[in-house]
Novice: 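A single structure is presented below for examination.
Quick caveat: nothing in here was measured; it's all calculated off a predicted structure. For the single chain, residues carry numbers from 1 onward in sequence order.
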Amino acid sequence: MKEKESRVDCPEQQVILYVEKEDGKYGPVQTGSYLTRNYLDDYELKRRHLEESLKERIRKEEVSPVYYYMVLEDLTISELAARAGIRKSKVKKHLVPEHFRSLPAGILQRYSEVFDVPVSSLTGLMNPGGAANPENQG
């Protein structure tokens, strides 16, 4: 890449590229990120759309908050099971709302640590009013 081709106006994210300078030598040039400049808005729009479609699936009782966060974090069932220290067969069950509702507080805590969200964020998705299921507390 030539030096003049590397220039991108994007002060939000700067990168260092090694490019061919005017004198034919290669060297570093600080410039804006092409990806951030041209694709970040599209990514954010797609991410919001994904979040909303997953929330709608939760409202329709198709999936649980564990599924929601697993998809948003781009984890497989195996990866989630390993990170949470829960058998894969159990994780599969927890992706279904009826099994999610009966999760004990300890399991909810494990998921919240993997997803780096408070337990209330997990339970609040199932209860739009935000109140957690009292029998899971303690």
Side-chain angles (χ1 to χ4, degrees):
M1 175 183 285
K2 304 277 186 185
E3 183 175 8
K4 62 183 173 185
E5 297 168 344
S6 70
R7 300 291 178 191
V8 176
D9 182 31
C10 182
E12 299 86 21
Q13 184 178 17
Q14 294 288 296
V15 296
I16 303 291
L17 299 176
Y18 283 82
V19 298
E20 185 178 347
K21 303 271 190 161
E22 303 264 339
D23 60 6
K25 296 180 183 177
Y26 283 87
V29 171
Q30 182 173 341
T31 184
S33 167
Y34 179 83
L35 291 174
T36 300
R37 171 94 167 117
N38 295 298
Y39 296 105
L40 188 61
D41 292 343
D42 185 49
Y43 168 79
E44 290 172 348
L45 180 64
K46 287 179 180 176
R47 175 78 177 200
R48 279 194 303 273
H49 177 70
L50 176 61
E51 289 175 12
E52 287 306 313
S53 66
L54 289 170
K55 286 178 183 176
E56 182 60 28
R57 291 188 69 194
I58 289 172
R59 283 190 285 277
K60 291 180 177 179
E61 300 280 323
E62 295 174 357
V63 298
S64 76
V66 173
Y67 181 85
Y68 171 86
Y69 282 108
M70 184 182 79
V71 170
L72 290 181
E73 294 295 325
D74 198 23
L75 296 172
T76 65
I77 291 172
S78 296
E79 290 169 329
L80 179 55
R83 290 181 186 189
I86 300 170
R87 290 192 326 260
K88 284 192 323 185
S89 60
K90 292 285 188 185
V91 170
K92 285 181 186 179
K93 283 185 174 183
H94 301 160
L95 303 179
V96 178
E98 65 185 274
H99 294 287
F100 175 81
R101 284 192 185 88
S102 61
L103 287 178
I107 300 294
L108 286 170
Q109 183 62 39
R110 287 187 193 181
Y111 283 126
S112 76
E113 290 169 4
V114 169
F115 299 133
D116 196 26
V117 297
V119 172
S120 61
S121 292
L122 286 168
T123 57
L125 284 170
M126 288 296 290
N127 305 310
N133 186 345
E135 64 184 283
N136 290 340
Q137 301 301 309

Novice: Is any side-chain heavy atom of Met126 less than 4.5 Å from a side-chain heavy atom of Thr123?
Specialist: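 A side-chain contact is absent here, since even the closest heavy-atom pair is not under 4.5 Å.
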
Novice: Using the test side chain to side chain donor-acceptor pair (under 3.5 Å), find all partners of Glu56 that sit at least two apart in sequence or belong to another chain.
Specialist: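 Applying side chain to side chain donor-acceptor pair (under 3.5 Å) to Glu56 gives Arg59.
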
Novice: Taking Tyr111 as the fixed residue, which of Val91, Val117, Val119 is the one that meets the side chain to side chain contact (heavy atoms under 4.5 Å, CB included) rule?
Specialist: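 By the side chain to side chain contact (heavy atoms under 4.5 Å, CB included) criterion, Tyr111 pairs with just one of Val91, Val117, Val119: Val91.
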
Novice: Can you tell me how far apart CG (Leu54) and NE2 (His49) are? Round to the nearest 0.5 Å.
Specialist: 9.5 Å

Novice: First locate atom CZ of Arg110, then atom CD1 of Ile107, and finally report the distance between them rounded to the nearest 0.5 Å.
Specialist: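 The distance works out to 4.5 Å.
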
Novice: I need the minimum non-hydrogen distance between Lys88 and Ala81, along with the two atoms involved.
Specialist: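 Answer, listing the atom of Lys88 first, then Ala81: CG-CB, 3.7 Å.
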
Novice: I would like to know whether Val71 and Val63 meet side chain to side chain contact (heavy atoms under 4.5 Å, CB included); could you show each step before the answer?
Specialist: CA-CA 11 Å; Val71 170; Val63 298; over 6 Å; no

Novice: Listed by chain and number, what are the ring-ring contact (aromatic ring centres under 6.0 Å, His included) partners of Tyr67, not counting sequence neighbours?
Specialist: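 Residues passing ring-ring contact (aromatic ring centres under 6.0 Å, His included) with Tyr67: none at all.
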
Novice: Has Lys46 got more than 12 heavy atoms of other residues, nucleotides or ligands less than 6.0 Å from its NZ?
Specialist: no

Novice: Passes side chain to side chain contact (heavy atoms under 4.5 Å, CB included), Leu103 versus Leu122? Steps please.
Specialist: CA-CA 11 Å; Leu103 287 178; Leu122 286 168; over 6 Å; no

Novice: Would you say the side-chain atoms of Arg57 pair up with the backbone N or O of Tyr68, donor to acceptor, closer than 3.5 Å?
Specialist: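 Not confirmed, Arg57 side chain does not pair with Tyr68 backbone.
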
Novice: Assess whether atom CG of Asp42 is packed by more than 12 heavy atoms of other residues, nucleotides or ligands within 6.0 Å.
Specialist: yes

Novice: Do the side chains of Asp74 and Glu79 get nearer than 4.5 Å, heavy atoms only?
Specialist: no

Novice: Going from OG on Ser78 to CZ on Arg83, what distance comes out if it is rounded to the nearest 0.5 angstrom?
Specialist: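 Answer for the OG-CZ pair, Ser78 versus Arg83, is 11.5 Å.
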
Novice: What distance do Ser121 atom OG and Leu108 atom CG have between them, rounded to the nearest 0.5 Å?
Specialist: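 CG of Leu108 is found 11.5 Å from OG of Ser121.
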
Novice: Mark yes when over 12 heavy atoms from residues, nucleotides or ligands other than Glu44 sit less than 6.0 Å from its CD; otherwise mark no.
Specialist: yes

Novice: Kindly determine whether Ile77 and Met70 satisfy side chain to side chain contact (heavy atoms under 4.5 Å, CB included), including the steps that lead there.
Specialist: CA-CA 8 Å; Ile77 291 172; Met70 184 182 79; 4.0 Å; yes

Novice: Give the cluster check for Tyr26 versus Val29: same hydrophobic cluster or not, with ILVMFWY residues linked at side-chain heavy-atom distances below 4.5 Å.
Specialist: no

Novice: Between Lys55 and Glu51, is there a salt bridge with N-O shorter than 4.0 Å?
Specialist: no

Novice: When you look at Leu75 and Phe115, which way does the side chain to side chain contact (heavy atoms under 4.5 Å, CB included) test go after all the steps?
Specialist: CA-CA 10 Å; Leu75 296 172; Phe115 299 133; 4.0 Å; yes

Novice: For residues Pro118 and Ser112, report the shortest heavy-atom separation together with the two atoms involved.
Specialist: C-CB, 4.0 Å

Novice: So if you build clusters from Ile, Leu, Val, Met, Phe, Trp, Tyr with side-chain heavy-atom gaps below 4.5 Å, do Val96 and Phe100 land together?
Specialist: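 Not linked; separate clusters.
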
